[in-house]
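Chain identifiers are assigned alphabetically (A, B, ...) following the order of the sequence lines, protein sequences preceding nucleic acid strands; residue numbering begins at 1 within each chain.
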Amino acid sequence: MDKHAMLNGLNPQQRDAVLYANGPLLILAGAGSGKTKVITHRFAYLTNILKVPATSILAMTFTNKAAMEMKERIERLIGKSHKGLWIGTFHALSSRLLRREIDRIGFSRDFVIYDEDDSYNLIRSILREFKMHEALYKGIASRITSLKASLIGPREFLESENGFDFDEKFARVYMRYQDKLRENNALDFDDLIMHAVKLFERYSDVLDKYHKEFSHIMIDEFQDTNIAQYRLASLLAGGHRNICVVGDDDQGIYKFRGANVGNILTFEKDFPECRLIRLEQNYRSTQTILNGASSVIARNPDRKPKKLWTERDKGEKICCFITDDEDEEAHYIARSIRGLYLKGKYSYGDFAVLYRTNLQSRVLEEALRVHGIPYRVIGGVSFYQRREIKDIVSYLKVINNPKDSVSLKRIINYPQRGIGDATIGRIEDEAKKKDKSLFETMKCIVSGNAHPKLKEKIRDFVKTMEELIASKGIALPGLLWLILEKTGYLKWVEEERVENLMEFINSSEGKDLQGLIDTASLFTGTDEPHGGNSVSLMTLHSVKGLEFPVVFIAGVEDGLLPHFHAIKNPEELYEERRLFYVGITRAKDILVLSGARKRRIYASLQEQRSSRFLREIPAEYCHYIERVPVSTSLSKDFFPSSPFVAGVRVRHPRWGIGVVRDSYGETDDIKVMVNFPSVGIKRLSLKFANLEMLQ
DNA sequence: AAACTAAAGCTTTTT
DNA sequence: GCTTTAGTTT
């Protein structure tokens with residue numbers, strides 16, 4: 001692709017951003033302003049025109065989804081496979097660096113990555129050991145996470161002993177936790193970043209090496225970086241200063257997990273010579289939707305000033321309605337979706353229903369199900385979080401690294417081998433005395449002179465594991481099968497979980513052991529594709545980065561949005577407002593905001609007021625429906641009693657073969673909506689149309 | 001060690 | 001209300 005083709009279809013600001021190849025660059029990219037396009041084209045410009053080796057560009061994102069999208073788009077632009085390129089999440093790229101260099105800071109290169117559950121388990125066992133209240137583990141974990149996000153290790157924490165909320169008990173747990181991780185040759189998610197920073201800060205020769213290896217650095221969603229991540233990036237950029245960050249302070253919605261929007265300001269301080277480019281043309285929403293969004297976000301103080309604009313026309317007004325309760329709200333949403341769908345302009349994949357809290361999804365799901373509308377819930381429990389997958393990955397982890405005691409404990413009694421908490425406790429004591437890993441200790445027990453009963457229980461397990469470790473080298477699907485059979489897991493596990501295991505085995509084809517373990521540890525995701533022919537249901541948080549022609553935001557009520565936890569604190573209230581802003585700006589054509597007067601939250605029925613944010617949208621952009629003409633009971637036209645339901649293929653004497661999209665109407669007068677490739681969507685009455693059903 | 005019952009929680013979420 | 005966890009029984 002030549003230079004001309006590469007810049008084709010970019011507006012002047014986007015072009016500037018692509019062409020500004022050297023030196024620090026801060027791109028403030030408003031919602032829908034073509035941010036990803038700029039990043040990917042910039043990557044392609046660097047490689048194809050400036051002949052920068054593609055492997056010298058480090059491009060970091062937050063989520064696997066964003067990383068994958070970037071990889072695919074870059075692959076298409078530069079016409080090369082993304083394999084071997086440094087495009088990925090902070091965590092994935094960091095672990096790749098550490099796999100090469102970590103021995104410098106006292107871990108071995110085959111370290112394991114602990115996920116959230118692993119960390120929880122470790123913290124709980126430490127609390128037990130210290131005779132502290134075990135239920136505190138979640139609070140402690142989140143405290144450790146936020147300290148690590150600010151690069152405060154246990155030593156630093158102890159040294160800064162003057163802080164208000166310093167507490168010695170916590171400091172001891174933190175210290176112990178970090179020691180245990182090292183003992184197990186394990187890193188948790190936050191360590192992946194923190195240790196990389198430590199490594200580069202401490203060993204300038206290693207840092208120099210990567211200054212040479214990477215000539216350019218790019219960061220996506222910069223407003224979501226925490227201090228540690230920013231430090232890592234700025235260290236790597238320290239030599240050449242070719243660092244390009246893209247972000248939007250108005251879309252920062254992850255302060256609660258350590259993201260530091262202030263990094264944008266820090267960046268300007270650290271790189272004072274940086275060029276600032278604003279992308280303000282929005283290519284997504286109608287003028288009305290964009291104006292509504294701008295009025296809302298304008299209430300937040302301390303923003304980087306920006307004014308989004310669009311060439312699109314006004315479009316529909318924003319529809320706002322209030323119902324009596326959450327059931328009515330859900331049914332009204334379902335009916336609206338169905339109504340728009342039946343007009344034929346939109347398919348179900350064009351709709352998203354957004355909400356603040358996951359517990360709202362229940363009613364919405366129920367209503368959609370009753371109306372026969374296909375939907376999918378994005379978020380929830382992901383594939384790699386499932387128990388059976390985590391179990392088998394733990395087997396892999398132990399086979400790969402028998403010192404990994406946390407994974408060992410996860411599987412030691414699954415399937416049941418009669419090694420319960422009491423026995424594990426005894427082995428742990430023994431391990432502590434001898435200063436050995438759990439597995440080594442178990443081997444000693446088998447060959448030593450312990451109680452015969454204890455020996456017998458442990459011998460079988462050790463034997464199985466040793467056989468599996470000996471088979472470490474065989475190709476992956478085979479190894480997984482071997483695990484399932486030798487351990488008896490396949491026989492033991494519930495029927496309905498077997499399918500997931502099979503899927504996992506199939507997906508392991510062609511991967512190596514370390515690679516599979518890393519993917520399973522780092523890939524936690526809500527990475528399922530949206531769209532298809534289903535309505536997407538998700539939280540306002542998970543919708544970031546997506547767009548839909550029609551967007552519903554449900555539960556626009558004080559206490560829900562803004563959430564009641566955030567109402568007292570101004571900073572948190574601003575974040576809630578940004579969340580609402582993110583939701584609004586996802587909509588291309590139609591935006592519907594709704595709320596209920598009464599809502600059941602947990603067990604109690606609460607009187608709700610409509611959201612203060614709703615009143616921040618000027619009335620001229622809105623169409624209010626106060627009295628909602630709907631009953632929650634269904635009229636029978638939702639239950640067509642005919643075999644011609646959506647998806648069935650039919651033949652029409654005149655228009656040939658088509659696919660039924662929907663059917664509705666009374667039992668004696670059923671109407672179907674059929675999509676014929678030749679003539680498009682037609683509404684037919686079954687009585688007259690003479691349709692023939694095909695297999 | 002497993003199965004049961006009482007009690008406490010409960011915003012958002014990625015890696 | 002429902003799900004997770006802590007404590008008790010069998």
Let me know the distance between [atom1] of [X] and [atom2] of [N], rounded to the nearest Å.
| X | N | atom1 | atom2 | result |
| --- | --- | --- | --- | --- |
| A:Y254 | B:dT12 | OH | P | 12 Å |
| A:E366 | C:dC2 | CD | P | 12 Å |
| A:E221 | B:dT15 | CD | P | 12 Å |
| A:K65 | B:dT13 | NZ | C1' | 12 Å |
| A:E572 | B:dT13 | CD | P | 16 Å |
| A:F564 | B:dT12 | CZ | P | 11 Å |
| A:N121 | C:dT5 | CG | C1' | 14 Å |
| A:L605 | C:dG1 | CG | P | 10 Å |

When the [atom1] atoms of [N] and [M] are considered, how many whole Å apart are they?
| N | M | atom1 | result |
| --- | --- | --- | --- |
| B:dT12 | C:dT5 | P | 16 Å |
| B:dT13 | C:dT4 | P | 16 Å |
| B:dT14 | C:dT3 | C1' | 23 Å |

Nucleotide of [options] approaching [X] most closely (side-chain heavy atoms):
| X | options | answer |
| --- | --- | --- |
| A:F189 | B:dT15, C:dC2, B:dT12 | B:dT15 |
| A:H541 | B:dT12, B:dT11, B:dT15 | B:dT12 |
| A:H563 | C:dT3, B:dT12, B:dT11 | B:dT11 |
| A:E576 | C:dT5, B:dT13, B:dT11 | B:dT11 |
| A:T63 | C:dT5, B:dT11, B:dT15 | B:dT15 |
| A:R257 | B:dT14, B:dT15, B:dT12 | B:dT14 |

Looking at every strand, decide which applies to [X] at a 4.0 Å heavy-atom threshold: base, sugar-phosphate, or nothing.
| X | value |
| --- | --- |
| A:F256 | base |
| A:R124 | sugar-phosphate |
| A:R356 | base |
| A:E575 | nothing |
| A:F90 | nothing |
| A:Y355 | nothing |

Would you indicate, yes or no, if [N] has its OP1 or OP2 atom less than 4.0 angstrom from a side-chain nitrogen or oxygen of [X]?
| X | N | result |
| --- | --- | --- |
| A:S542 | B:dT13 | yes |
| A:N358 | B:dT12 | yes |
| A:T357 | B:dC10 | no |

[X] vs [Y] aromatic rings, parallel, tilted or perpendicular, using cut-offs 30° and 60°?
| X | Y | answer |
| --- | --- | --- |
| A:H195 | A:F107 | tilted |
| A:F90 | A:F62 | tilted |
| A:H541 | A:Y254 | tilted |

Give a yes or no on whether the backbone of A:I297 and the side-chain of A:N300 come within a donor-acceptor separation of less than 3.5 Å.
->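 Pair absent, no side-chain N/O of A:N300 close to backbone of A:I297.
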A:S407 side chain vs A:S394 backbone, donor-acceptor pair below 3.5 Å =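 No, the answer is negative, given that no donor and acceptor are paired below the 3.5 Å cut-off.
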Identified side chain to side chain contact (heavy atoms under 4.5 Å, CB included) counterpart of A:T61 within the set A:E69, A:M68, A:M70 =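 The passing option is A:M70.
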Between A:Y581 and A:F613, is the gap from one ring center to the other below 6.0 Å?
->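 That pair fails the under 6.0 Å test.
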Reading DNA chain C 5' to 3', how would its secondary structure be written in dot-bracket notation, given Watson-Crick and G-U pairs with both distances under 3.5 Å, brackets [ ] for crossing pairs and | for partners on other strands?
-> ||||||||||
Hey, is CZ on A:R231 packed in by over 12 heavy atoms from elsewhere, all under 6.0 Å?
->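 No, the 6.0 Å shell around CZ holds no more than 12 heavy atoms from other groups.
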A:R609, CZ: over 12 other non-hydrogen atoms inside 6.0 angstrom =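 Atom CZ in A:R609 is not crowded, with 12 or fewer foreign heavy atoms closer than 6.0 Å.
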